[in-house]
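Before any comments, here is the structure.
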Amino acid sequence: MDYNFLNKAAANQAYIAGMRPVLKKGALFSDATSDYVIPAEPSPYGQVAIRFRTAHNNVDNVFLIVGEERYLMYRESQTDDFDYYVEEIQLENEKITYYFEIHSGKIICYYDIRGLSRNIDPQYHFKLIPGFRTPSWAKGAVMYQIYVDRFFNGDKSNDVLSDEYSYIGDHVKKVDDWYKYPDSMGVREFYGGDLKGVMEKLDYLEDLGIEVIYFNPLFVSPSNHKYDIQDYDYIDPHFGRIVHDSGELLSEGDCENANASRYIDRVTNKANLEASNALFAEVVEEAHKRGIKVILDGVFNHCGSFNKWMDREKIYEKAPGYEPGAHISEDSPYHDYFSFQAGGKWPYNGKYDGWWGHDTLPKLNYEGSRELYDYVLSIAAKWVSPPYNADGWRLDVAADLGHSPEFNHKFWRDFRRAVKRANPNAIILAEHYGSPEAWLQGREWDSVMNYDAFMEPLTWFLTGMQKHSDDFRPDYIGDADAFWGSMYHNMACFSEPSLLVAMNELSNHDHSRFLTRTNHKVGRTNNLGPEAANEGIDKAVMREAVMVQMTWPGAPTIYYGDEAGLCGFTDPDNRRTYPWGHEDTDLIEYHKRLISIHKWYPEFKTGSMKFVDKDYNLLAFGRFQEKGGHSLIVINNADYEIVREIKVWYLGVPKECRMELLIKTDKEGFSTEREKFPVEAGKLKLKLGPKSGVILRYEDESVEEAVKNANSTSAFGEEYGKPSLEPSSWFNFGDS
C-alpha cells in the first residue's frame, strides 16, 4: 500500500475541508443598534453583549477589539445565510470605542463605522457611552418646524401694528396681504401668525402625521424671528394674548421707543404676559392630547438690545415693577450680565460687547455673573416643567455661548442636569456646524441639527447646490462616492443614541428652501427677486429627497410649508407664509404617505442602515431589523431610465422570495399601488425611470420562530434588539 499517497490524499482533504469560500464582504455587519448592542443604551458598570454578523461558514475567527483589549468572539447562533458572533464585556463609567477584526483564510480585515476596511482608524470606531440615553419618543420622530409669524394668524387682536415701535432704525409694519413675499429687508415686517393659529392647525399637523413641533423662539422679542430675546420669562403677547391694550403708536419720524407706549403696555403688562404663558400651556396640552411633543428654541448665547436686563430701548425704564437695565444705570442688578468696555458712561452706556459686534445682540457674560448663570439654568428647567411641560430645547449657536470651550462644556453639562432633573424625558438638540463629537459625549447635548451628516451631502448629491443657494456645482450632482464618504465620515461623530434623534432637515429658517435648490439658480431675493425662487423647480427631485429623509436614520424634520411646495431663497425669503388655500396638495399627500410608512414600519425609526449599491446618480441602501422588516430604498437621480440588479440578501431578505413595493416616485408623480418583485438567488432586478425612487419591503412572518430555533443554545436567548448602521464597501476582496 502506498502510504505516502494516502497521507498526501488525507492532507489534501483536510486542506480542502478547511478552506473558506471567497469572503462575502457584503454579509459582514454590525452597528450600535439594539440588534447588535444589548442593551443598546447600557448603564455604567453593567454588562453589554456586542454582536457581529457574517455569511454562514464564511470566516474562521472574529475578534472584538475594545481599546487595548482583544476578545475572540464565539458563534452564538446561525441561520441558513448568516452566522452571529457575540462577546459580552464588562463596562466601567467611561466611553468605550471598538471595532472588529475578521480572519478568513489568509485574509485579515477590519470592520468599523465605514464598513469593511484594510486599515484601522480610531475616528471610525464604534462608540458606546454607558449611561447615555436619548428619549425613546424622539428616536426617529417626525418633527415639524414652525416659524410662528408665518404659519397661521388665529388672533388678529394681537397683531403687531404698523408704527407700534421702531426696530433697527425704522418703524415696524403690519403686512395685511398674507401672500406677499417678504421684502429683502423684511426684518420689520409682521404677518400676524400666532399660537392661536397653531392651535387651530393642530388637526392638520396630526393628519399629516407630525409627532413633534419645534417652535422657533416664542419669548418676548421685537423681531419677527425672535432670536433677540427681550424677556425669557414670558411668551410674547403678539404670539399669545393681549388682554390689556392701551397707549399710543409712534408718530411719523419718531423712532424713540421710550415713546412707544402701546408697545410698552403690550409687552410689559403682567396681565398680557401671564395670559400668554397660559395660552402656551394650553397649546402644549392640546398637542400632547394628539400625541405631539413640543420643543422650544433656546437663545442663550446673546439676548436683544430690547432685553429688560439691558433696556437700551428704554422700554422698561418707566414701566412699573422692573429694575433698571444695565444700559440705564451703572448700579443695575444686571450690570454683570454684560461686558462693558472702557470709556462708556452712564446713564445710557452703549459700550458693551455684542455678538459678532452687533449692538442689537448684547453678548451674555456668563463668566462674569453667577446670578445670570443660575437664572438661565432655572429658565431651562421652568419651561419643561408644569404647567408648561415642553418636551425639550433646541439651542441656538450653542457652541458660542461663553468665551472658551472649557467654560461652554461646563455650562452645557449643568444645563443638561437642570433640564433632565426637571423632565427626564426632555430632549436637548443644538444648532452646530462642524463636528459635534466633543458635545455628544453623553453629558451635554443629546444631538444636533444634522447639517453635515444629512442636509449638505444629500443636497449636493441631488441638486449640486450649496445650502444657501450661493453656489452651484454640477459636477457634484450624482457623485455617489462623495455622498457616502461624507455621510459616513460625519456619522462617525455620533453615538447611536445621538444619531437616532438628530434633526434631519432639507430646509429651515437659515437656508434656502430645498425645492428652490432644485432650480440650480445661484443668488438671493435681493439680486434675483423672489419669483426666481419659484422658477424651474423640479418636484421629482424634491420627492427623491423626501424619500431619503423619511428612510434615513434620525428624526426627519419638515420646515413648515416644504410639504406644501413652498419655495424661497435664503432668509428672509425662506420665511414666506404658509400657502393656505394655495397648497400643492399632491406634495402634501406624498408627505403623508411617506410619513405613514416611516411611522408604521419600525425599521425606519430604529432599524439598522446598510449600504447596498451605488453608481453615478444612484443610491441604494437598506433599513432592517433582524426580527421584522427588511426594506430597500433605491434612488435614481439621473434623467434617464436605468436597470439594476441589486443584492438584497445582505439585508436579511430570503434568497428566494418576493418583496412588496410600498411607494414609488418618478417625474410624473408618485404611486402607492402595491406590486410584488421577485427575489432570485438573493438578487432583485429593478427598472427605475428618470428622477425616481422606490421603497420595497420584505417581512419574514416566520422569522421569530427561525431565530428562536437557531438560538436554542444561545447565551442570550431569543431576544436581541433592533437595528444597524453600516457603510459602503470601500474595497473589494472578490465576490461581494
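Not measured: the values here are computed from a predicted model.
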Counting only heavy atoms not in Lys687, do more than 12 fall under 6.0 Å of its NZ?
no
Within the side chain of Asp639, is there an N or O that forms a donor-acceptor pair under 3.5 Å with the backbone of Pro690?
no
For Gly197, does its backbone N or O pair with a side-chain atom of Asp194 as donor and acceptor, under 3.5 Å?
yes
Taking the inter-plane angle between the rings of His302 and Trp355 on a 0 to 90° scale, is it parallel (under 30°), tilted (30 to 60°) or perpendicular (over 60°)?
parallel
Looking at Ser507 and Phe514, would you say the former's side chain and the latter's main chain have a donor-acceptor pair under 3.5 Å?
yes
Could you tell me whether Asp573 and Arg524 have a side-chain N and a carboxylate O separated by less than 4.0 Å?
no
So, do Arg517 and Ile537 sit near enough that their side-chain heavy atoms are less than 4.5 Å apart?
no
Under a 3.5 Å threshold, yes or no: a donor from one side chain and an acceptor from the other, between His468 and Ser512?
no
Test item: side-chain donor near acceptor, Asn153 and Asp159, under 3.5 Å
yes
Which of these, Lys201, Lys592, Arg290, sits in a salt bridge (charged side-chain N to carboxylate O under 4.0 Å, His left out) with Asp207?
Lys592
Heavy atoms of other groups near Tyr476 OH, more than 12 under 6.0 Å:
no
Testing the 3.5 Å rule here: is there a donor-acceptor pair between the side chains of Asn301 and Asp400?
no
Glu505 and Asn450: side chain donor to acceptor below 3.5 Å:
no
Between Asp584 and Lys539, does at least one N-O distance fall below 4.0 Å, as a salt bridge requires?
yes
Take the angle between the ring planes of Tyr179 and His582 and call it parallel below 30°, perpendicular above 60°, tilted in between.
perpendicular
What is the minimum heavy-atom distance between Thr463 and Phe472, and which atoms define it?
O-CE1, 3.3 Å
Can Asn534 and Tyr181 be counted as having a side-chain donor-acceptor contact under 3.5 angstrom?
yes
Determine, for Asp613 against Arg644, whether the closest basic-nitrogen to carboxylate-oxygen distance falls under 4.0 angstrom.
yes
Ala138 and Ala555: which non-hydrogen atoms are nearest, and at how many Å?
O-CB, 4.1 Å
Between Asp446 and Ile428, is there a donor-acceptor pair closer than 3.5 Å when you use the side chain of the first and the backbone of the second?
yes
Tell me whether Lys467 at atom NZ has more than 12 heavy atoms from other residues, nucleotides or ligands lying less than 6.0 Å away.
yes
When you compare the side chains of Tyr227 and His509, does any donor N or O come within less than 3.5 Å of an acceptor on the partner?
yes
Please give me the minimum heavy-atom distance between Thr516 and Ser469, naming the atom from each residue.
CG2-OG, 4.4 Å
If we count only N and O atoms by modelled type, under 3.5 Å, do the side chains of Tyr147 and Tyr578 hold a donor and an acceptor together?
no
Would you kindly say whether Arg593 and Thr672 are connected by a side-chain donor-acceptor distance under 3.5 Å?
yes
Which atom pair, heavy atoms only, marks the closest approach of Tyr560 to Arg576?
OH-O, 2.5 Å
Looking only at atom types and distance, does a side-chain atom of Asn574 sit under 3.5 Å from a main-chain N or O of Gly568, one as donor and one as acceptor?
no
Salt bridge check: are Arg473 and Asp475 linked by an N-O gap of less than 4.0 Å?
yes
Hey, does Met449 have a side-chain heavy atom less than 4.5 Å from the side chain of Leu429?
no
Compute the ring centroids of Trp552 and Phe604, then answer whether they are less than 6.0 Å apart.
no
For Asp452 and Asn490, indicate whether the former's side chain and the latter's backbone hold a donor-acceptor pair under 3.5 Å.
no
Salt bridge flag under 4.0 Å for residues Asp183 and Lys173:
no
I'd like to know if the side chain of Thr557 reaches the main chain of Met503, judged simply by a donor and an acceptor atom lying under 3.5 Å from each other, with no hydrogens or angles considered.
no
Do the ring planes of Tyr232 and Phe219 sit parallel (below 30°), tilted (30 to 60°) or perpendicular (above 60°)?
tilted
Evaluate the ring planes of Phe611 and Trp484, with Trp represented by its six-membered ring, and classify them as parallel (under 30°), tilted (30 to 60°) or perpendicular (over 60°).
perpendicular
Salt bridge (Lys or Arg N to Asp or Glu O under 4.0 Å) filter on Asp396, not counting sequence neighbours, yields Arg394
Would Arg266 and Glu164 pass as an ion pair if we require N to O under 4.0 Å?
yes
N/O donor-acceptor pair under 3.5 Å between Asn257 side chain and Tyr165 backbone:
no
With the threshold set at 4.0 Å, does a side-chain nitrogen-carboxylate oxygen contact exist between Asp163 and Lys174?
no
Run the side chain to side chain donor-acceptor pair (under 3.5 Å) test on His225 and Ser223 for me, step by step, so that the C-alpha distance in whole Å, both residues' side-chain angles and the decisive distance to 0.1 Å come before the verdict.
CA-CA 5 Å; His225 56 72; Ser223 62; 3.2 Å; yes
Side chains of Tyr451 and Asn508: donor-acceptor distance under 3.5 Å anywhere?
yes
Assess the pair His591 and Phe670: is the distance between their ring centroids shorter than 6.0 Å?
no
Taking the basic N atoms (NZ, or NE/NH1/NH2) and the acidic carboxylate oxygens, is any pair closer than 4.0 Å for Glu282 and Lys196?
no
Side chains of Asn224 and Tyr191: any donor to acceptor distance under 3.5 Å?
no
Indicate the ring-plane relationship of Trp445 and Trp439, choosing parallel, tilted or perpendicular according to the 30° and 60° boundaries.
parallel
Please determine whether the number of non-hydrogen atoms from other residues, nucleotides or ligands lying under 6.0 Å from atom CD of Glu200 exceeds 12.
yes
Taking the side chain from Lys180 and the backbone from Asp177, do they hold a donor-acceptor pair closer than 3.5 Å?
no
Test salt bridge (Lys or Arg N to Asp or Glu O under 4.0 Å) applied to Asp155 and Arg241, step by step
CA-CA 8 Å; Asp155 180 1; Arg241 290 184 176 126; over 6 Å; no
Could you tell me whether Arg697 and Glu660 make a salt bridge, using a distance below 4.0 angstrom between a side-chain N and a carboxylate O?
no
I'd like to check Trp460 versus Phe483 (side-chain heavy atoms, cut-off strictly below 4.5 Å). Are they in contact?
no
Does any N or O in the side chain of Arg150 come within less than 3.5 Å of the main-chain N or O of Arg575, such that one atom is a donor and the other an acceptor?
yes
Assess the side chains of Asp236 and Ser221: does a donor N or O sit below 3.5 Å from an acceptor N or O?
no
Check this for me: does any side-chain nitrogen of one of Asp666 and Lys691 sit under 4.0 Å from a carboxylate oxygen of the other?
no
Show your reasoning for whether salt bridge (Lys or Arg N to Asp or Glu O under 4.0 Å) applies to Lys293 and Glu211.
CA-CA 6 Å; Lys293 304 287 187 182; Glu211 296 171 293; over 6 Å; no
